[in-house]
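Encoded as structure tokens, the structure appears first; notes follow it.
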2 protein chains.
Amino acid sequence: MKSESRKEEIIRAASILFKEKGYSAVTMRDLAKAMGIKAASLYNHIDSKQEILSTIIIELAEEFTTGMNQIVNSKVDAIKKLENIIDLHIDVTLRNSDGLASLNNDWMHLEEKNLQYFEKMRQEYEENFRAIVKNGVDREEIKPFNIEIMVFSTLSTLRTLYLWYPKQKNIDAEILKHDMISVLLKGMV
Amino acid sequence: MKSESRKEEIIRAASILFKEKGYSAVTMRDLAKAMGIKAASLYNHIDSKQEILSTIIIELAEEFTTGMNQIVNSKVDAIKKLENIIDLHIDVTLRNSDGLASLNNDWMHLEEKNLQYFEKMRQEYEENFRAIVKNGVDREEIKPFNIEIMVFSTLSTLRTLYLWYPKQKNIDAEILKHDMISVLLKGMV
DNA sequence: GTCTATATATAGATAGAC
DNA sequence: GTCTATCTATATATAGAC
């Protein structure tokens, strides 16, 4: 029987180290040191270094997938859907900005099965995002700029929030949401 | 005596591998295989794996620094300066999108001296960017949104171009520049 | 749940022949 | 300029004592 709570501590510590140096550059000894134990002791709680990475990434990817599916199925206009997507990214970033570093930079180190699962989720996320923008352009809610550029510029900003937001001391989440919506959408609308 | 041209080939091959898996996950044997030689042979052209990384990153960082300094010292309004910064990023991305992966994701693996040099250049770049936006807001050329959010959202998009642009088959550089300026700036102006 | 000791693999880098 | 052979360090992971 594995202690879930200890495992979660390890995953949290690993997320921080992976954010600082990347998955490949962090050793099990580094992680053990951060936990105040020896490397061998880690294996009483986790099966492998790979398991830590996949737990971090897959959990977050599933959060985004669930959130996006709810937004896609909601009966609101395209602008409101984009606002809800911005909210989703800010909420996830506030809850686990360290883990998002692995999702963004170390997904390619996932093993075969999880790699495929992750790539499928990421592709579907992007396609849902693109479809919302397209629909908004068709219904003349969004300006007819190049759709790929609008999708890319918005997503790239949302995906990089994990690097920026933790350094902002004086921005409340609600104010951030409001201002981010202005900056990201006012150019399109 | 080292053959510069062979060294450049190695650096180009390394940039591609570093982009795919990150600096730490690429071995000298991987790099040698990509070059069609043995790992030991690489050392006839380069001193260390670290030298490859620092060559890639410092060269690019200096390009951005030089470009930004020219823009800062030019006598044009804030909007035109931002347009020129967008051009700069697109030009550098077109010339060396692979190397930009290392600059963005592996700078923390630079050794002390180069790490400090890089971080200084990056900080000055951001400060120049912020000053241009601030000046534009003061002169009422740019809307008075939150400055940090405008700086972050624009820079995050420009910094991620290296991932996106190589996948776009049908976008000409001049059209990209024009549309990117629209999407990034129309929300601010 | 953590430890010491260790198995096994692989990393960056060098020596010296061709 | 490239090779084979190899040094030395360090990686992930396991076995078994406490």
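Numbers restart at 1 for each chain; the letters A, B, ... are given by sequence-line order, proteins then strands.
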Length of the NZ-C1' vector between B:K38 and C:dG16, whole Å: 18 Å

Side-chain H-bond candidate by donor/acceptor type, A:D30 with A:T27, under 3.5 Å: yes

Can you see which heavy atom on B:S102 is nearest to which on B:I56, and at what distance? CB-CG2, 4.0 Å

Side chain of B:I37, heavy atoms from C-beta onward: which of C:dT2, C:dT4, D:dT2 has the nearest atom to it? D:dT2

Over how many whole Å does the gap from A:I10 atom CD1 to C:dT2 atom P extend? 8 Å

OP1, OP2 of C:dT14 versus side-chain N and O of B:Y43: anything below 4.0 Å? no

For residues A:E119 and A:Q123, is any side-chain donor paired with an opposing acceptor at under 3.5 Å? no

Among C:dG12, C:dG1, D:dA5, which nucleotide sits nearest the side chain of A:N44? C:dG1

Using the closest heavy atom to pick a nucleotide of DNA chain C for each, name whichever of B:S48 or A:A39 lands nearer the 5' end. A:A39

Can you find a donor-acceptor N/O pair under 3.5 angstrom joining the side chain of B:R29 to the base of C:dG12? yes

Starting at NZ of A:K49 and ending at C1' of D:dT14, how long is that distance when rounded to a whole Å? 18 Å

Shared ILVMFWY cluster between A:L184 and A:I147, side chains joined below 4.5 angstrom? yes

In terms of side-chain heavy atoms of A:A40, which of D:dG1, C:dC3, D:dA11 is nearest? C:dC3

Within this structure, what is the NZ-to-C1' distance between B:K33 and D:dC3, rounded to whole angstrom? 17 Å

A:I46 CD1 to C:dG1 C1', in whole Å, measures 14 Å

For a quick test of reading the model: is some side-chain N or O of B:S41 closer than 4.0 Å to OP1 or OP2 of D:dG1? no

Rounded distance in Å - CE (A:M28) to C1' (C:dT2): 15 Å

When rounded to whole Å, the CG to P distance for the pair B:L53 and C:dG12 reads 12 Å

Exercise: do B:S156 and A:S156 side chains pair donor with acceptor under 3.5 Å: no

Atom CG of A:D47 and atom P of D:dT12: how far apart are they, to the nearest Å? 15 Å

